[in-house]
Number of protein chains: 2
Amino acid sequence: MPLKVRKNRAPEPYPECPLAVCMSLISGAWTPHVIWYLSAGPRRFGELRHDMPAVSAKVLTARLRDLEKRGVLSRSVHPTSPPSVEYALTPLGRELMPAIQAIVEISRRLADQRSAD
Amino acid sequence: MPLKVRKNRAPEPYPECPLAVCMSLISGAWTPHVIWYLSAGPRRFGELRHDMPAVSAKVLTARLRDLEKRGVLSRSVHPTSPPSVEYALTPLGRELMPAIQAIVEISRRLADQRSAD
DNA sequence: CGGCATCCTAATAGATACTG
DNA sequence: CAGTATCTATTAGGATGCCG
């Protein structure tokens, strides 16, 4: 059993791999969407769920916790009633925007091309 | 049982989801790396394995087949001895480069910042 | 050289029900 | 409102061995 690397993720510990650092922050099917919807400004849990109706609460929670741990976003609890929790991009999170932006633009262009057929 | 969507992938069929089209082409831990290493020009299977020592042959094959099926790259077999197979980006594949490029640049900047600490 | 077949683990994600 | 708990399913990826 040789070496046992972390599975299902880009192998971060290889510096010769030029995409690894950023990929480890945006990998996951929902991660880029979360970052995208936060790029316009802070947003609450329920609003994010509304933005992405197809994601389950569990998965959204998991992604948010993960991104918080990695320093991409911040989580602030407002002890009101009913309680509200706000998520916002950190400076690190904002550094990822060029990639997300590029993905959005390519998606739009490809979608346009398809509908033009 | 309501609607049964495709699992473990960004939900392509939601047009209101602005990242879906591109994400469906670059999702997967190794996919962006493959596209990146092909961006400099056509490349053979063995060369790609050399570029990404951490990927197994099986996974690399799977990613290449997948990308070929989606029209991102082309596969051409040269019936020499020993056989050689060359992969190259298609025009569609080249459209994805801005996103890959952005990921590479962010990775480099973040790596620089870390080493500057 | 460039695969494919087989078996395996781990990560991601979905459904549903429940809670402070 | 913003989660947590539990259970299950799908998939990505890894290890190994064989083949034209």
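Reckoned from all heavy atoms, side chains included, excluding hydrogens, waters and symmetry mates.
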**Student:** Can you measure L64(B) atom CG to dA12(D) atom C1' for me and round it to whole angstrom units?
**Tutor:**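 Going from L64(B) (CG) to dA12(D) (C1'), I get 15 Å.
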**Student:** Closer than 4.0 angstrom, basic N to acidic O: yes or no for R70(A) and D66(A)?
**Tutor:**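 Yes, charged N to carboxylate O under 4.0 Å.
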**Student:** With I103(A) as reference, evaluate I100(B), V21(B), L96(B), I26(B) under the side chain to side chain contact (heavy atoms under 4.5 Å, CB included) test and give the passing residue.
**Tutor:**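 Among the candidates, only I26(B) passes.
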**Student:** State whether W30(B) places a side-chain N or O below 4.0 Å from either non-bridging phosphate oxygen (OP1 or OP2) of dT11(D).
**Tutor:**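 It does not, given that no N or O in the side chain of W30(B) lies less than 4.0 Å from OP1 or OP2 of dT11(D).
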**Student:** Does R109(A) pair with E95(B) as a salt bridge, N-O distance under 4.0 Å?
**Tutor:**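 Yes, charged N to carboxylate O under 4.0 Å.
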**Student:** Are R75(A) and dA2(D) close enough that a side-chain N or O sits under 4.0 Å from OP1 or OP2?
**Tutor:**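 No, because none of the side-chain N or O atoms of R75(A) sits under 4.0 Å from OP1 or OP2 of dA2(D).
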**Student:** Roughly how many Å is it from CD1 in I26(B) to P in dA12(D), rounded to a whole number?
**Tutor:**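 Going from I26(B) (CD1) to dA12(D) (P), I get 15 Å.
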**Student:** Using heavy atoms to find the nearest nucleotide of DNA chain D for T61(A) and V55(B) separately, return the residue whose nucleotide is more 5′.
**Tutor:**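 So the residue in question is T61(A).
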**Student:** Consider the side chain of R63(A), meaning its heavy atoms from C-beta on, and name the nucleotide among dT12(C), dG2(C), dA2(D) that approaches it most closely.
**Tutor:**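 Of dT12(C), dG2(C), dA2(D), dT12(C) is nearest to the side chain of R63(A).
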**Student:** Do you know the tightest heavy-atom contact between I35(A) and L25(A)?
**Tutor:**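 What the structure gives for the nearest pair is CD1-O, 4.4 Å.
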**Student:** Whole angstrom is fine here: how far is it from NE2 in H50(B) over to C1' in dG2(C)?
**Tutor:**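 Result: 17 Å.
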**Student:** Any chance you could measure Y37(A), atom OH, to M52(A), atom CE, to the nearest 0.5 Å?
**Tutor:**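 The CE atom of M52(A) is 7.0 Å from OH of Y37(A), to the nearest 0.5 Å.
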**Student:** Take atom CZ of R65(B) and atom P of dG13(D), then tell me their distance rounded to the nearest Å.
**Tutor:**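 Atom CZ in R65(B) sits about 16 Å away from atom P in dG13(D).
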**Student:** Expressed in angstrom and rounded to an integer, what is the separation of E86(B) atom CD from dG2(C) atom C1'?
**Tutor:**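 One finds 14 Å between C1' of dG2(C) and CD of E86(B), rounded.
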**Student:** dT6(D), dC1(C), dC1(D): which one has an atom nearest the side-chain heavy atoms of K58(A)?
**Tutor:**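 So the nucleotide nearest the side chain must be dT6(D).
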**Student:** By nearest heavy atom, map S84(B) and V59(A) onto DNA chain C; which one lands nearer the 5' end?
**Tutor:**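 Its nearest nucleotide being more 5', the pick is S84(B).
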**Student:** Hey, what do you get for NE2 (H78(A)) to OG (S84(A)), rounding to the nearest 0.5 Å?
**Tutor:**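 Taking NE2 in H78(A) and OG in S84(A), the distance rounds to 5.0 Å.
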**Student:** Is it true that R75(A) and Y87(A) share a donor-acceptor pair across their side chains at a distance under 3.5 Å?
**Tutor:**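 Yes, side-chain donor-acceptor contact under 3.5 Å.
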**Student:** Can you name the closest pair of heavy atoms from A102(B) and A99(A) and give their distance?
**Tutor:**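 What the structure gives for the nearest pair is CB-CA, 3.7 Å.
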**Student:** List, with names and distances, any nitrogen or oxygen atoms from the protein found under 3.5 Å away from nitrogen or oxygen atoms belonging to nucleotides 17-20 of chain D.
**Tutor:**
none

**Student:** Can you tell me the distance, in whole Å, between the CE atom of M23(B) and the C1' atom of dT11(D)?
**Tutor:**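 Rounded to the whole Å, the gap is 15 Å.
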**Student:** Which of residues 39-49 of chain A have a heavy atom under 4.0 Å from DNA chain D?
**Tutor:**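 When residues 39-49 of chain A is checked for heavy atoms under 4.0 Å from DNA chain D, the hits, listed by number, are R44(A), F45(A), G46(A).
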**Student:** Expressed in angstrom and rounded to an integer, what is the separation of E68(B) atom CD from dG2(C) atom C1'?
**Tutor:**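 Taking CD of E68(B) and C1' of dG2(C), I get 14 Å after rounding.
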**Student:** Are T31(A) and V72(A) packed together at the side-chain level, in the sense that at least one heavy-atom pair is separated by less than 4.5 angstrom?
**Tutor:**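 Side chain of T31(A) against side chain of V72(A), heavy atoms only: no contact under 4.5 Å found.
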**Student:** Starting at CG of L60(A) and ending at P of dT4(D), how long is that distance when rounded to a whole Å?
**Tutor:**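 Taking atom P of dT4(D) as the reference, CG of L60(A) is at 11 Å.
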